[in-house]
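What follows is one structure encoded as structure tokens, with my remarks underneath.
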Number of protein chains: 2
Amino acid sequence: MNLSIYKRVQGHNCPKLWQRFVVENGHQQPSTNPLPPTTHYQQQQSTTNFKPFLNIIPIFNENDAVSTRRAPYEDSSGIFWDNDSLAGLLAMELKADLLVMLSDVEGLYSGPPSDPNSKLIHTYIKEKHQCEITFGDKSRLGRGGMTAKVNAAVCAAYAGIPSVITSGYATDNIIKVLQGKCVGTLFHRDAHLWTLVKELGVREMAVTARECSRRLQAMNSEGRRKILLDIADALEANESLIKIENEADVTAAQDDGYEKSLISRLSLKPGKISGLAKSIRVLADMEDPIGQVLKRTELADGLILEKTSSPLGVLLVVFESRPDALVQIASLAVKSGNGLLLKGGKEAKRSNAILHKVITSAIPENIGEKLIGLVASREDIPNLLKLDDVIDLVIPRGSNKLVTQIKNSTKIPVLGHADGICHVYVDKSAKVDMAKQIVRDAKIDYPAACNAMETLLLHKDLSSNGLLNELVSDLRHEGVTLYGGPRASSLLNIPETCSFHHEYSSMACTIEIVDDVQAAINHIHQHGSSHTDCIITENHEVAETFLHGVDSAAVFHNASTRFCDGARFGLGAEVGISTSRIHARGPVGVEGLLTTRWILRGSGQVVYGDKGVIYTHKDLPLQTPLYI
Amino acid sequence: MNLSIYKRVQGHNCPKLWQRFVVENGHQQPSTNPLPPTTHYQQQQSTTNFKPFLNIIPIFNENDAVSTRRAPYEDSSGIFWDNDSLAGLLAMELKADLLVMLSDVEGLYSGPPSDPNSKLIHTYIKEKHQCEITFGDKSRLGRGGMTAKVNAAVCAAYAGIPSVITSGYATDNIIKVLQGKCVGTLFHRDAHLWTLVKELGVREMAVTARECSRRLQAMNSEGRRKILLDIADALEANESLIKIENEADVTAAQDDGYEKSLISRLSLKPGKISGLAKSIRVLADMEDPIGQVLKRTELADGLILEKTSSPLGVLLVVFESRPDALVQIASLAVKSGNGLLLKGGKEAKRSNAILHKVITSAIPENIGEKLIGLVASREDIPNLLKLDDVIDLVIPRGSNKLVTQIKNSTKIPVLGHADGICHVYVDKSAKVDMAKQIVRDAKIDYPAACNAMETLLLHKDLSSNGLLNELVSDLRHEGVTLYGGPRASSLLNIPETCSFHHEYSSMACTIEIVDDVQAAINHIHQHGSSHTDCIITENHEVAETFLHGVDSAAVFHNASTRFCDGARFGLGAEVGISTSRIHARGPVGVEGLLTTRWILRGSGQVVYGDKGVIYTHKDLPLQTPLYI
């Protein structure tokens, strides 16, 4: 069937575009918009079997601007009311292969498209979406609008005609739709089944990763060490292949006009692969973190209890752009005996695919290469985040937005931090030079870091001894934009901040005056994010009050907040910095990928009335594990 | 206004009940049902102003069994279609104070009332429920049904008439509704505001508990010890008051016909209070768990990092019946520096209230008695479970059902276990007597315990050497009902189990034959709940394969699964047994209520280019904390 239909779109703020059914065995005449259909229409008149020239049937609009219709017309074939329902009815009548409706927005959103919380719905599932969506009809002119389009698309889809609502502004959207690309919103009779299949697919991935991880955990230390060394070798052996794929990603990113900083993170620079291989070999030779005896108790004669470290199970790591992150995470997972599901940024797609392939090819068959799964599509993430029974920990490595989104949409524990609102409190007894140096470092060394200072709290007496002015002019001199709390803004004549709970991540900071250390603690508890907070003082007692009183992951005395970092803490590879209180807190090393198991070795003991056992509960030294 | 209206209810399987409006300034003539309204109706005829005798207006039904109406009648006052819409219209017309509609189910459910996942909705919020509810209309006869009742109730409620749908089977439901008790489903114009107020109320409780806990955490060890000793004294001083309230609970529970076992758990037996006080004094004198230095590293000259233990923050504990649990939990919370929200069983309401009052009265003002909050209503629990930003850990103490429900409805980490499907695997090299003793103990010592054996796995060779038959006849002799897997059921001629993932919690167990230790491990991974699993063998290598390979919270060799217990493990007070992998695993003592903080003490160090600092990362001994 070779058939195309143009139909004019009318909408609020929408130029005259031409809406079109395209049913051409996949070959579409590239349509440059806006094309008035007049000529095609004229030519079409002359055909006898209504088969149009250029395979286009133009449809004159049921135009709400001129029509006097005040109620829908309904008969056995359906309801006809506006241009959208007309499109739907025609598509059904013609048994079209596809109905495309062009709009002035990208597709159907979960709420008003102008609301930043609204999300574009890629595949409409009636059961799921019909109640979730809030239509913003009233902001549109005329009949039609998104509600009408959705109704038409649903009717057509349930009659067997797949339908897509997409934007008419992008010239190539119709081509993309025909190429099967994920553009706009798709309506399909079987969409709910696809969702089910997808959900089962990602569950299968996670379950398989757990099975592989159990075999990895049961392996001895030397076995895991050997895998890591093999991965390092495989990376070096495939360096040229990896470079080719990475260069393809970089070129594509340049073509797509990505920012330079992203392209720089994306690119695997010369020496990177051998650097990664080297660090994997160092990791391989580090002490085995699995099976460490953390506690050993003789419960009774011949009954020995051990608390030992063991892998968490299955990790889901979502990371952005850097393909080298994949290598680091995968090797940490192997070292810690965990299964791993990885989702990288789409701009590093080819690099991630080749790195994943090279790494998993080095995993022996008796463990299974599905120990490490690469998640192909962004759309799988919501399904993965539902699997709290098979995924044990989610680690988002990327923007605050990514972390927040993930935290808000899963019951699985998340290792990470959404905010880093770090405070430096300068007490009245602070040394001038030390205060200036720490404040400067905490703000300026790397303003975008999560452990950079966002709020400077100053003891009220500092305004009289001049330190306040010195600190402020220092920051100004460095180019830091200052915002004040109520007291500081009037004292220093700086703009007042609208919220103390604000992370600038740039050369800006909030300043406020507080009465004493207790007021500083209260301020931090009320407005902070429990990441890293610091006091500068020479008064030991005041320092201990602060260290004791501030309930944050990291609390410092006379040291820059920038020290809050896995490498500077000497933890080795940093998995992340956690502001959650459960599982791990602050900078987290490989121990954040481990949990514990209790191992009890007896000689036939039973508890029956506890008569058979005389408990002694004697702690024993934590020597080498009893088992090999 | 004194007015009551009876209206007959008709529904599937529903006896002839009488539905009634009651609007009597809160004083209702107790109505014993089913009362035919004829007499009242006759007397009502004689009144001039339509004010009926007994304040009742009977309404003859728009009876769908005799009516020929096929479409609703609609005018400016609304839609009239069936008896339910008639009730709604009348209530609005009369400006009634309340509309009560009686049904054959308890009220409006989230799904079909026969579905165990359906929940009774206590307060209907249009914005929340109108899309969530699945009506099971088709299972009902006639017009009307729940959809019609809900529509009528919503219409009336939005017109200012509060409406309740409840069951007509319970004779006192109308009285309960008038007494303001939570019966059936309430429809009210302002319901969404109440929900908001309730949500804010419980958030306030949690936020205040956190503020108090921060002050408690900042206190020194002696301060927390003193609070615990004061609580112990206060309990003893108020013993007689506590006994009175507890006896009132016990009497009420007896009157309500509760089970003996529940009444026994509810009752505070003589000597219980002084026993509790004594154990609190022991706890007070135990080593302070807060501020323990778990790791100490010299990062650089004069830059000392400590990882110290600190309270989690705010705990929510939901417990059933035992009021002594409140005392234990509250004292553990004080010891560990945490804020606490408690929700006890409603049958222990008065006991819990007085215990809470006595305990919080012993908390000094500078900490704040709101450190420990008592949640009044079961309805607050869903709101509390939403507060993942202010509550850090939920500990359900009660049935598997309670734990599962809570786990399924919150993002807050839950410390507990839903299932305890524990396995004993008897290897071919097991000692006969040891195997018999452990199997017996694991199943029979306390079959309802979570650490009791549910599945017995037997090596295939045991069928030839006679141990299999000995074990089976032993269990049968003790009265254990046996179910088999495919192999065991045919070999032993016992019924086949429908699922290996089954916790009997009673004198029953599943038996299956496996080929070897690896098959046993696979079986446990596939069907177990990662609680406690045991191997009985004399072969050291096989034992280590099992201890290494089984990925459960507790794995035992030659010892009964019943040892998996905080007290037997020597952990002191047991907070719970966790089968989750994050936070804490297996039996959890007070350390399960703690997290860590990083404390860094410097002398002005900054990271700027890391030039100023030469890292040495030297581990230091974990001596007494540097701060007091």
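Below, chain A is the first sequence line, B the second, and so on; all start at residue 1.
- With sequence neighbours excluded, no residue forms a salt bridge (charged side-chain N to carboxylate O under 4.0 Å, His left out) with Glu591(A).
- Of the two parts of Ala553(B), only the backbone, made up of N, CA, C and O, holds a non-hydrogen atom closer than 4.5 Å to a non-hydrogen atom of chain A.
- Among all heavy-atom pairs drawn from Ser530(B) and Arg214(A), the shortest one is OG-NH2, 4.1 Å.
- The shortest heavy-atom contact between Arg585(B) and Ser310(A) is NH1-OG, 3.3 Å.
- Leu393(A) approaches Ile582(B) most closely through the heavy-atom pair CD1-CD1, 4.0 Å.
- For Arg215(A) (side chain) and Gly549(B) (main-chain N/O), no donor-acceptor pair under 3.5 Å exists by modelled atom type.
- Between Phe563(A) and Tyr615(B), the two ring planes are perpendicular [angle over 60°; tilted spans 30° to 60°].
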Stepwise side-chain contact (heavy atoms from CB on, under 4.5 Å) test for Arg568(B) and Val607(A): CA-CA 9 Å; Arg568(B) 294 197 173 94; Val607(A) 306; 3.6 Å; yes

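- Contact tally against chain A (heavy-atom pairs below 4.5 Å) for Gly313(B), Ser603(B), Cys534(B): the top residue is Ser603(B).
- Among the candidates Arg440(A), Arg210(A), Lys431(A), Glu211(A), the residue making the largest number of heavy-atom pairs closer than 4.5 Å to chain B is Arg210(A).
- Only the backbone of Thr410(B) comes within contact range of chain A, with heavy atoms under 4.5 Å apart.
- Asp441(B) contributes a side-chain N or O that, together with a main-chain N or O of Tyr608(A), makes up a donor-acceptor pair within less than 3.5 Å.
- For chain A, the nearby part of Ser409(B) is the backbone; its heavy atoms alone come within less than 4.5 Å.
- Using a 4.5 Å cut-off between heavy atoms, Ile290(B) does not touch chain A at all.
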CA sep, side-chain torsions, deciding dist, call: Arg601(B), Leu547(A), side-chain contact (heavy atoms from CB on, under 4.5 Å): CA-CA 9 Å; Arg601(B) 292 180 176 82; Leu547(A) 293 175; 3.5 Å; yes

Residue pair Leu600(A), His557(B): steps toward the side-chain contact (heavy atoms from CB on, under 4.5 Å) verdict: CA-CA 6 Å; Leu600(A) 181 67; His557(B) 173 213; over 6 Å; no

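- Minimum heavy-atom separation, Ala559(B) to Leu303(A): CB-CD1, 3.9 Å.
- Shown are Pro587(A), Ser552(A), Cys564(A); of these, the side chain to side chain contact (heavy atoms under 4.5 Å, CB included) with Trp598(B) is made only by Pro587(A).
- Without hydrogens or angle criteria, Lys411(B) side chain to Lys407(A) main chain gives a donor-acceptor distance under 3.5 Å.
- Side-chain atoms of Phe569(B) and Leu305(A), non-hydrogen and from C-beta on, do get closer than 4.5 Å to each other.
- Listed by chain and number, the residues in a salt bridge (charged side-chain N to carboxylate O under 4.0 Å, His left out) with Arg581(A) are Asp551(A), Asp392(B) (sequence neighbours excluded).
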